[in-house]
Protein chains: 2
Amino acid sequence: MPVGTQGTVKTVGSEDLESLGYSLILSNTYHLSLRPGADLIESFGGLHKFMSWNGPILTDSGGYQVMSLSHMRKITEYGVAFKSHLDGSEHFMTPERSIQIQGQLGVDISMALDVCPPYPCTRDEAADAMRLTHLWAPRNLSARRDQNQSIFGIVQGGVHEDLRTESAEFITSQPFDGFAIGGVSVGEPTEMQYPVVKHTAPLLPADKPRYLMGVGHPQDILHAVAYGIDMFDCVLPTRMARHHALYTLQGRVNAMGKKWAEHDGPFDDGSVFPASQRYSAAYVRHLFKAGETLGGRIATLHNLAFFARLMSEIRDAIAGGTWPALVERYKNA
Amino acid sequence: MPVGTQGTVKTVGSEDLESLGYSLILSNTYHLSLRPGADLIESFGGLHKFMSWNGPILTDSGGYQVMSLSHMRKITEYGVAFKSHLDGSEHFMTPERSIQIQGQLGVDISMALDVCPPYPCTRDEAADAMRLTHLWAPRNLSARRDQNQSIFGIVQGGVHEDLRTESAEFITSQPFDGFAIGGVSVGEPTEMQYPVVKHTAPLLPADKPRYLMGVGHPQDILHAVAYGIDMFDCVLPTRMARHHALYTLQGRVNAMGKKWAEHDGPFDDGSVFPASQRYSAAYVRHLFKAGETLGGRIATLHNLAFFARLMSEIRDAIAGGTWPALVERYKNA
């Protein structure tokens, strides 16, 4: 899923996402509920119509953003009191309120409000976050008004395998439509992320979507898919693009680098992307050097094409039994 | 002509300009020669290939930008010594050098290097600028290497009708491929611009392209066309868009205005633009409010569509003898 935090995947329009072949995109409940507001979007018939996106949309619960406000929020069993990062206004987020807002946005997949502990945290903090997440899980489900709107539950438990097991057992016992692993990609090093994914992913039912939140790098995706993960969202393709970092089969490259100054071809030799098919690396470098926003746009199209192709080739490799060849192909990416 | 100062029409790609129906675009010799450099663009086979634009390109001579550097430049009969606005490096611009650079860029239409006086200026300053422009005119023509590259001459003379007459007589006596009116839209009020156009445009031969540089507002374009002008360039559609000002048949509107907050339709009621067909005014306003560059992009597409349609309807009205109806249609624009 490309990430469209504020109801837009930065620098690209819905028509671009369509031509890149994306179906599902992610948007953020926290940001949209503050601006332009859930009531406004509901009055337009939902987020699909507001942003002119005909494919499915998943929204996070807003929990991750609210928890990240640190000193501007206070968690109780009932919910989270927080202040808006925009104007300091006071709000209260509960599982019921999150599902209600996601209902107003009219999205296809809503995420349960959970408690995502930061990294690093103590084992007690991870356990407390997990218990609150479990306490809130049924409240999310009973707040659903539109039975066509899916709700995914989220497994927490930090880097502790026993907590992850306990959380997976409880969350998958609830009638969610899909299951996510949360609390990963929150600042922990890769060598701590991989064991969590390896341990937790197989605990999720294979007949429902399994979603690893906030991941990630191409290698992270390949690793997680090998353990059963089906879905990902990540800001990397779009955020990196705006900082002139482009994904290629040869690794991530800096479009500002002098080596591209006279390069009359794409950044990714031997592969074909819609964006770099038309524009040379030298031209994109020029745009970045000249401070032209078109540079970030072309780079975003490039990176989104890279990840769309990665996911497409992953599906082909699973269906065709050619997984080792795919891993080999992306080994430097 | 949309203006692509740095080899890009800000926020949009060549594929966008194509789908908007533009043929000719303008780029800037001064900016491109400093960054990325004329040698680099030449090594790519010219500006068309560098920016992936298949239609014709016109470049200005760089004169206007160089003259605008004020204390950073010095004009003599031979040429203009100036310092780069990027790094203060010293350069020398002459008619020969300008035509040579435009030849390296490989554009279809190059503009003669002229001297464009600022507004306000004394009559003596306007006359001096005109004389230097005349002195340089044949030097531009004799510097041409590629006979397929057109060169347009530029009429100067400030706001003085006798100087404009003298300049038009001299410049049109030279074997240029087209003729431009320069020194307009340099800060003078509309009530001084219109008489210059009214006086000068009819002095240009009707069997060659007549180009009013740097103009302008829809009303300015309609006025100038009525006196025989064929071509225009202006940064207004693109620059205004990035400052959330959108052209409509009802006048220029501020996309940030509260009146658009819940507007589930285009900014320009009763008309159809590619950009606003898909996105509502409320969505574009949200993008601007949220600081998303997609807002500027959609607004740019909107404004460029507005001017493309204006020029298209002008051609139709001339061919169909329906000029008065067209003027009426755009009277509030």
Side-chain angles (χ1 to χ4, degrees), chain A residues 4-16 18-19 28 31-32 34-37 39-41 43-45 47 49-54 86 242 260-265 274-298 300-301, chain B residues 4-16 18-19 28 31-32 34-37 39-41 43-45 47 49-54 86 242 260-265 274-298 300-301:
Chain A
T5 301
Q6 305 195 97
T8 162
V9 175
K10 288 188 190 301
T11 77
V12 302
S14 296
E15 63 282 7
D16 299 310
E18 283 165 8
S19 56
N28 288 83
H31 287 96
L32 291 177
L34 293 180
R35 182 175 59 196
D39 291 345
L40 179 75
I41 292 177
S43 79
F44 272 73
L47 184 57
K49 287 191 179 156
F50 186 65
M51 69 180 288
S52 186
W53 173 251
N54 300 319
L86 295 177
R242 299 194 305 283
W260 305 112
E262 301 177 17
H263 189 78
D264 189 6
S276 51
Q277 244 179 326
R278 173 148 197 168
Y279 299 107
S280 67
Y283 181 65
V284 175
R285 178 179 186 268
H286 163 66
L287 294 176
F288 275 123
K289 286 271 179 190
E292 293 281 355
T293 59
L294 185 63
R297 177 175 151 80
I298 296 175
T300 299
L301 292 170
Chain B
T5 300
Q6 304 195 98
T8 162
V9 176
K10 287 188 190 300
T11 77
V12 302
S14 296
E15 63 281 5
D16 299 311
E18 284 165 7
S19 55
N28 287 83
H31 286 98
L32 290 177
L34 294 180
R35 183 175 58 196
D39 292 345
L40 178 74
I41 292 176
S43 78
F44 272 73
L47 184 57
K49 288 191 179 156
F50 185 65
M51 68 179 290
S52 186
W53 172 249
N54 300 318
L86 294 177
R242 298 194 306 284
W260 306 112
E262 301 177 17
H263 190 78
D264 189 7
S276 52
Q277 244 180 324
R278 172 149 196 166
Y279 299 107
S280 66
Y283 182 64
V284 175
R285 178 179 187 269
H286 164 65
L287 294 175
F288 275 122
K289 285 272 178 191
E292 293 281 354
T293 60
L294 185 62
R297 177 176 151 81
I298 295 175
T300 299
L301 293 169

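Chain identifiers are assigned alphabetically (A, B, ...) following the order of the sequence lines, protein sequences preceding nucleic acid strands; residue numbering begins at 1 within each chain.
Residue A/A282 touches chain B through both its backbone and its side chain, counting heavy-atom pairs closer than 4.5 Å. In this structure, chain B has heavy atoms under 4.5 Å from both the backbone and the side chain of A/S14. Using a 4.5 Å cut-off between heavy atoms, A/L287 contacts chain B through its side chain alone, with no backbone atom that close. Proximity to chain B (any heavy atom under 4.5 Å) is shown, for A/S43, by neither the backbone nor the side chain.
Taking both residues in full, the closest heavy atoms of A/S280 and B/F44 are given as OG-CE2, 3.7 Å, listed atom of the first, atom of the second, then distance.
Rounding to the nearest 0.5 Å places CG of A/D16 at 5.5 Å from CZ of B/R297. In this structure, the separation between CG on A/L294 and NZ on B/K10 is 10.0 Å, given to the nearest 0.5 Å.
Note: B/T8 leads B/V12, B/L40, B/T8 in heavy-atom pairs under 4.5 Å with chain A. Among B/E15, B/R285, B/K289, B/E262, the residue making the largest number of heavy-atom pairs under 4.5 Å with chain A is B/E15.
In this pair, A/H286 and B/F50 present their aromatic rings tilted. The plane angle is within the 30 to 60° band.
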For this session: Quick one: do B/R278 and A/E18 satisfy salt bridge (charged side-chain N to carboxylate O under 4.0 Å, His left out)? Show the steps, please.
Result: CA-CA 13 Å; B/R278 172 149 196 166; A/E18 283 165 8; 2.6 Å; yes
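Although no hydrogens or angles enter the test, the distance criterion places no donor-acceptor pair under 3.5 Å between the side chain of B/S52 and the main chain of A/Y279.
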